[in-house]
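These notes are about the structure you will find just below.
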Amino acid sequence: MKKIINHPADVVDEMLDGMVCAYPQYVRRLEGLNVLTRTKAPAEKVALVSGGGSGHEPAHGGYVGRGMLDAAVAGAVFTSPTPDQIYEAVKAVNGGKGVLLIIKNYTGDVLNFEMAAEMADAEGIRVEKVVVNDDVAVENSTFTSGRRGIAGTLFVHKIAGAKAESGGTLDEVKAVAEKVIANVRSMGMAISPCTVPEAGKPSFVLKENEMEIGMGIHGEPGIQREPLQTADRIADRLLEKIFDDLQLSPGDETAVLINGLGATPLMELFIVNRRVAEVLAEKGIKIVKTYVGNGMTSLEMGGCSISLLKLDDELKQLLGAPAETPAFVQF
């Protein structure tokens, strides 16, 4: 294992400190906790809290800031944060308007965020929850009942965050988050594994000429392992599955996210995006906004995912609203 770390047990703690050192204008760390909040939290608005296992950076701490999240809770690498840490995050950002928990559909995340919500409710804090399940690759997986939550979660952060920033009520913010979840689909693939620091060995093995279609962000199995294909063929395979699940018609408007998993050069992501744009144009589907880059990674895994979000006027307006966080700036 080659990693630029000090000790495997300290990676999350030292990473969070490093983020605060880099971006004190955006985030602060709750003392003794793996929780990042907005520097000026709490604000007098609905608060958004998300999180999950570490190793997916910039998700989730990179999206704490104006127009997106109010707090992010970091678990150990690829491990759900504990209920008590989530609960402390909720308390820290509650400004009296309620708190929305944005949860990726992994069993540990769902259980622990639900327990934290119950703890907050007992303290008189109104909490609502949404569960993101955008991954169309498999219906059930090693870590989930139902579809996994992956990079499409970033659209939920952005749009629900904009609704909260504009003064929406908790019910309104939850409703728009659920609308995003209903209209976003993603699928990924991998060409090389990642290594969890405390494990010290790759989480799976692919032959030199192999790729896995539908691979999860923790290295969960996909739907098929096959010889490595061209970028255009990979994009077509991922899009085929997305189109099977998301009904898009000529004239529809979409947002596109081409997400790197940590080790994929931007050059390759842009090549994938080129093909995605071609296919959507052929179908008469208009792309309103495209994001390309490492949004929700899997340590140093090689590969990418494609997310499509079907837009209406409300979602389009909120997607285009300003945001300013360590990993996402839009004016």
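In this chain, residues are counted from 1 in sequence order.
- Between Phe78 and Ser54, every side-chain heavy-atom pair lies at or beyond the 4.5 Å cut-off.
- Using a distance-only test at 3.5 Å, with no hydrogens or angles considered, no donor-acceptor pair links the side chain of Glu268 to the main chain of Leu266.
- For the pair Arg237 and Glu226, the salt-bridge criterion is met [side-chain N within less than 4.0 Å of a carboxylate O].
- More than 12 heavy atoms of other residues, nucleotides or ligands shown are found within 6.0 angstrom of CG on Asp244.
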Kindly determine whether Asp13 and Arg29 satisfy salt bridge (charged side-chain N to carboxylate O under 4.0 Å, His left out), including the steps that lead there. CA-CA 10 Å; Asp13 182 59; Arg29 184 177 180 182; 2.8 Å; yes
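- His218 and Ser203 are not linked by any side-chain donor-acceptor pair at a separation below 3.5 angstrom, with hydrogens and angles left out of the test.
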Side chain to side chain donor-acceptor pair (under 3.5 Å), that's the test. Do Ser298 and His56 meet it? Break it down for me. CA-CA 5 Å; Ser298 185; His56 302 304; 5.0 Å; no
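- A donor-acceptor contact closer than 3.5 angstrom is absent between the side chains of Asn94 and Arg126.
- Side chains of Thr82 and Asp84: a donor-acceptor N/O pair is present below 3.5 angstrom, by distance only.
- Distance check: Met119 CE to Glu123 CD gives 8.5 Å after rounding to the nearest 0.5 Å.
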In sequence, state the C-alpha distance, the side-chain angles, and the governing distance for Ile181 and Asn133, and then conclude on side-chain contact (heavy atoms from CB on, under 4.5 Å). CA-CA 7 Å; Ile181 293 167; Asn133 59 351; 3.5 Å; yes
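- Within the 4.5 Å cutoff, side-chain heavy atoms of Val77 are placed close to those of Pro197.
- Shown here is Gln317, whose CD atom has no more than 12 heavy atoms of other residues, nucleotides or ligands within 6.0 Å.
- Glu172 places no side-chain N or O within 3.5 Å of a backbone atom of Lys163 that could act as its donor or acceptor partner.
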Under the side-chain contact (heavy atoms from CB on, under 4.5 Å) criterion, do Ser80 and Tyr106 qualify, and how do the steps go? CA-CA 8 Å; Ser80 173; Tyr106 294 96; over 6 Å; no
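- A donor-acceptor contact shorter than 3.5 Å is absent between the side chain of Arg225 and the backbone of Gly222.
- Under the 4.5 Å side-chain contact rule for hydrophobic residues, Val110 and Ile102 do not share a cluster.
- No side-chain heavy atom of Pro221 sits less than 4.5 Å from a side-chain heavy atom of Met215.
- Just one residue in the list Val64, Leu69, Thr325, Leu16 forms a side-chain contact (heavy atoms from CB on, under 4.5 Å) with Val27, and that residue is Val64.
- Judged by distance alone, with hydrogens and angles left aside, the side-chain atoms of Tyr63 form a donor-acceptor pair with the main-chain N or O of Gly295 at under 3.5 Å.
- Atoms OG1 and CD1, on Thr254 and Ile285 in that order, are 6.5 Å from each other to the nearest 0.5 Å.
- The side-chain heavy atoms of Pro322 and Arg66, taken from C-beta on, include a pair separated by under 4.5 Å.
- Side-chain contact between Met187 and Ile306 is absent, with no heavy atoms from C-beta onward closer than 4.5 Å.
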For Arg38 and Glu165, run salt bridge (charged side-chain N to carboxylate O under 4.0 Å, His left out): C-alpha distance rounded to whole Å, both residues' side-chain angles, the deciding distance at 0.1 Å, then the answer. CA-CA 13 Å; Arg38 288 173 66 166; Glu165 205 75 40; 3.2 Å; yes
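- Under the 4.5 Å side-chain heavy-atom criterion for ILVMFWY residues, no single connected hydrophobic cluster contains both Val173 and Val90.
- Remark: Met115 CE is loosely packed, at most 12 non-hydrogen atoms of other residues, nucleotides or ligands lying under 6.0 Å away.
- Counted by atom type alone, His60 and Lys104 present one or more donor-acceptor pairs between their side chains at under 3.5 Å.
- Lys286 NZ: 12 or fewer foreign heavy atoms inside a 6.0 Å radius.
- Note that CD1 of Ile213 is 7.0 Å distant from CD1 of Ile223, once rounded to the nearest 0.5 Å.
- Note on Leu33: it does not cluster hydrophobically with Met19, by side-chain heavy-atom contacts below 4.5 Å among ILVMFWY residues.
- Of the possible donor and acceptor atoms, none in the side chain of Asn294 sits under 3.5 Å from a partner among the backbone N and O of Thr297.
- Each of Thr79, Ile86, Ile103, Val132 was scored for a side-chain contact (heavy atoms from CB on, under 4.5 Å) with Asp109, with one residue passing: Ile103.
- Annotation: ring-ring contact (aromatic ring centres under 6.0 Å, His included) contacts of Phe328 (sequence neighbours excluded): Tyr291.
- Between Lys207 atom NZ and Leu228 atom CG the span is 14.0 Å, to the nearest 0.5 Å.
- For the atom pair CG (Leu30) and CD (Gln85), the distance works out to 9.0 Å, reported to the nearest 0.5 Å.
- Cation-pi geometry between Lys283 and Phe243 is satisfied (NZ or CZ under 6.0 Å from the ring centre, within 45° of the ring normal).
- No side-chain heavy atom of Lys97 sits under 4.5 Å from any side-chain heavy atom of Leu170.
- Residue Lys179 qualifies as enclosed at atom NZ: its count of foreign heavy atoms under 6.0 Å is above 12.
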Output, in order, the C-alpha distance, side-chain angles, deciding distance and verdict of salt bridge (charged side-chain N to carboxylate O under 4.0 Å, His left out) for Glu253 and Lys316. CA-CA 9 Å; Glu253 296 184 316; Lys316 185 163 60 172; 2.8 Å; yes
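- Nearest heavy atom pair, residue Ala89 against residue Val49, reads CB-CG1, 4.2 Å.
- Looking only at atom types and distance, the side chain of Asp135 has no donor-acceptor partner in the side chain of Ser186 under 3.5 Å away.
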Is there a side-chain contact (heavy atoms from CB on, under 4.5 Å) between Val256 and Lys289 once you walk through the steps? CA-CA 6 Å; Val256 175; Lys289 203 159 189 65; over 6 Å; no
Dump the intermediate steps for side-chain contact (heavy atoms from CB on, under 4.5 Å) on Asp134 and Ile150, then the final yes or no. CA-CA 6 Å; Asp134 56 308; Ile150 57 173; 3.3 Å; yes
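- Note that the CG atom of Asp236 and the OG1 atom of Thr230 stand 7.5 Å from one another [nearest 0.5 Å].
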Arg147/Asp245 under salt bridge (charged side-chain N to carboxylate O under 4.0 Å, His left out): CA gap, chis, key distance, verdict: CA-CA 12 Å; Arg147 299 190 315 201; Asp245 203 87; 2.9 Å; yes
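- The shortest distance between side-chain heavy atoms of Leu299 and Val196 falls below 4.5 Å.
- Residue Glu282 qualifies as enclosed at atom CD: its count of foreign heavy atoms under 6.0 Å is above 12.
- Cluster annotation: Val276 and Ile242 are assigned to the same hydrophobic cluster (Ile/Leu/Val/Met/Phe/Trp/Tyr, side-chain heavy-atom contacts under 4.5 Å, transitive).
- Looking at Arg148 and Asn105, their side chains never come closer than 4.5 Å, going by heavy atoms from C-beta outward.
- Taken together through direct or relayed side-chain contacts under 4.5 Å among Ile, Leu, Val, Met, Phe, Trp and Tyr, Leu48 and Phe113 form parts of separate hydrophobic clusters.
- Checked by atom type and distance alone, the side chain of Lys241 never pairs as donor or acceptor with a backbone atom of Gly214 at under 3.5 Å.
- Partners of Ala117 according to the side chain to side chain contact (heavy atoms under 4.5 Å, CB included) rule, which considers only residues two or more places apart in sequence or in another chain, are Leu101, Val127, Lys129.
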